[in-house]
2 protein chains.
Amino acid sequence: MAASFETASDEPSTATVDGVVTAVRDGIMQGRYAPGQRLPEADLVSLYQASRGAVRTALAQLESEGIVLRERNRGARVRPISLDEAVEITEARAVVEGLCAAKAAQRITADERTSLRALSDELRTAVEGGDVMAYTRANQEVHRAIRDISRHETAGIMLDRLRTQSVRYHYTVALLPGRPAVGMAEHIEVIESVCSGDADLAEQTMRAHLMSVVDALHQLDKNLHQW
Amino acid sequence: MAASFETASDEPSTATVDGVVTAVRDGIMQGRYAPGQRLPEADLVSLYQASRGAVRTALAQLESEGIVLRERNRGARVRPISLDEAVEITEARAVVEGLCAAKAAQRITADERTSLRALSDELRTAVEGGDVMAYTRANQEVHRAIRDISRHETAGIMLDRLRTQSVRYHYTVALLPGRPAVGMAEHIEVIESVCSGDADLAEQTMRAHLMSVVDALHQLDKNLHQW
DNA sequence: GTAACCAAGATTGTTAACAATCTAGTTGCC
DNA sequence: GGCAACTAGATTGTTAACAATCTTGGTTAC
């Protein structure tokens, strides 16, 4: 029980509050910290060479982000996410990213259009090469690019929060058989609709794409229960 | 500069962290704390009889909620909200509350249907009586009811955050000439569409309503610049 | 053998003192 | 008279010690 943090070995010295926040958040998003795993303050102090006050503030912030659970006098632990919650998060993403896609279609410039279309090729080569890691990365870059092009700060902040909560599921969805091919087709459709400048079409396409992710989540759940 | 907190006189003793958070948040939402006003830790300590650590934690949480701004070694102050930001927040609300309306239409029970329709009468009497305060309250109750009926926790949390950020603008929008009448008609339309069980219609109606609020915000801005 | 109870260790919550930083007013110099 | 540097006060950031609470393991009574 005492030895549980050997795997995190890349950033041993981050003294500030934000350092601890990003380190723990990245650890959770990368799966180094398992859902439900305890996060004792003393361990984080010695790991990141930060003061206990800083660790404490960081944990409070992570709790408000929804990825850490704290109980009085019982400490903090990584918040587990149920399938229902993952579905809810994806539904919320669908409407907010739909808004971003619509705004992006209205506001996109010529330069952004070319750099956005370049991501289509990245997706294609990743899927053709069977590189799931590269596919996942390009995947996120598409969503990130559209979020940036939309220039909608409020939606961007909301998506940041939603993304940190759902990343673990993204990994697994990408591993479904045939999923990368379907996802690629949908992403390219999204890219083209945004580039076309048709706000309504862009929103519809983006929402349809994320609703298909919801379906994939349910599919994933079925597969898990089969075992 | 030293005498600036006499107006807050209702809750002088709240020792816990959450107490300070809700007290300051309510103070900001009710307009007792003006945008840009400083919030020195020492003042909050003596006002709410809380320890400095509690005040500090509370300010951190309020910052993450987006209603307080903090600068290193320069303290906290109430975050001012520009018109552009108010528009963005309302746009975000439009899509998220649209999701709630759609889910609510699918999940509403018979009991909820009757209690939701009861709010229509509340709106009507408030508008007929010219009671802006009652109108605003019934207004919020409609949105709250639909958010509850939807049983979408993630969307609910997001809306809580958005609402705390935009409440000050709600007040002023309700004061536009003719606005209560328009708002009432839209709200009743929203209520009926949710009760009908048509998810798509409910979403469209809710979004149209909030987009009309966006128009009202722009109208409000024009009126202000006229003076 | 089981269950309740108690005590020691571990973990978190709270408070207070100290250090660092910023702001405003003042003084001195050009 | 104006500008720059300095000092005192105010305000926030940080750390460490203390208090309260929970968990765990063993012991004892039945």
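Keep in mind it's a predicted model, so treat the numbers as computed, not measured. In what follows, every chain begins at residue 1, and chains take the letters A, B, ... in the order their sequences are listed. What's counted below: heavy atoms across the whole structure, side chains too, no hydrogens, waters or symmetry copies.
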Point to revise | N or O in side chain of A:S51 less than 4.0 angstrom from D:dT15 OP1/OP2 | key: yes

Exercise for review: Please report, rounded to the nearest Å, how far the P atom of C:dT15 is from the CD atom of B:E41.
Suggested key: 15 Å

Check your understanding: Taking atom C1' of C:dT11 as reference, at what distance in whole Å does atom CG of A:L39 sit?
Key -> 13 Å

Practice item. Look at all strands and tell whether A:R72 reaches a base, only sugar-phosphate, or nothing, counting heavy atoms closer than 4.0 Å. Key: sugar-phosphate

Check your understanding: Any sub-3.5 Å donor-acceptor pair from A:R79's side-chain atoms to A:G66's backbone N or O?
Key -> yes

Revision key, fill the gap. Sorted by number, residues from residues 56-66 of chain A placing a heavy atom under 4.0 Å from DNA chain D are none

Point to revise | Side-chain donor/acceptor contact of A:R52 with base of C:dG13 under 3.5 Å | key: yes

Revision key, fill the gap. note: A:L44, atom CG; C:dT12, atom P; distance rounded to Å ~ 9 Å

Check your understanding: Considering residues at least two apart in sequence or located in another chain, which fulfil the side chain to side chain contact (heavy atoms under 4.5 Å, CB included) criterion with B:A42?
Key -> none

Practice item. Give a yes-or-no answer on whether the side chains of B:R52 and B:T57 include a donor-acceptor pair shorter than 3.5 Å. Key: no

Review point. Any ion pair linking B:E41 and B:R56 (charged N to carboxylate O, less than 4.0 Å)?
Key: yes

Exercise for review: Please check if the side chain of B:E88 supplies one atom and the backbone of A:T154 the other of a donor-acceptor pair under 3.5 Å.
Suggested key: yes

**Study point:** Any N/O donor-acceptor pair, A:R74 side-chain to C:dG13 base, under 3.5 Å
**Key:** no

Revision key, fill the gap. Taken to the nearest whole Å, CG/A:N73 to C1'/C:dT12 is 6 Å

Exercise answer: donor-acceptor pairs, residues 105-112 of chain A side-chain atoms, under 3.5 Å, sequence neighbours excluded:
residue : atom : partner : partner atom : Å
A:R107  : NH1  : A:S150  : O            : 2.8
A:R107  : NH1  : A:R151  : O            : 3.4
A:T109  : OG1  : A:E112  : N            : 3.3
A:T109  : OG1  : A:E112  : OE1          : 3.4
A:E112  : OE1  : A:T109  : N            : 3.0
A:E112  : OE1  : A:R151  : NH2          : 3.4
A:E112  : OE2  : A:R151  : NH2          : 2.5

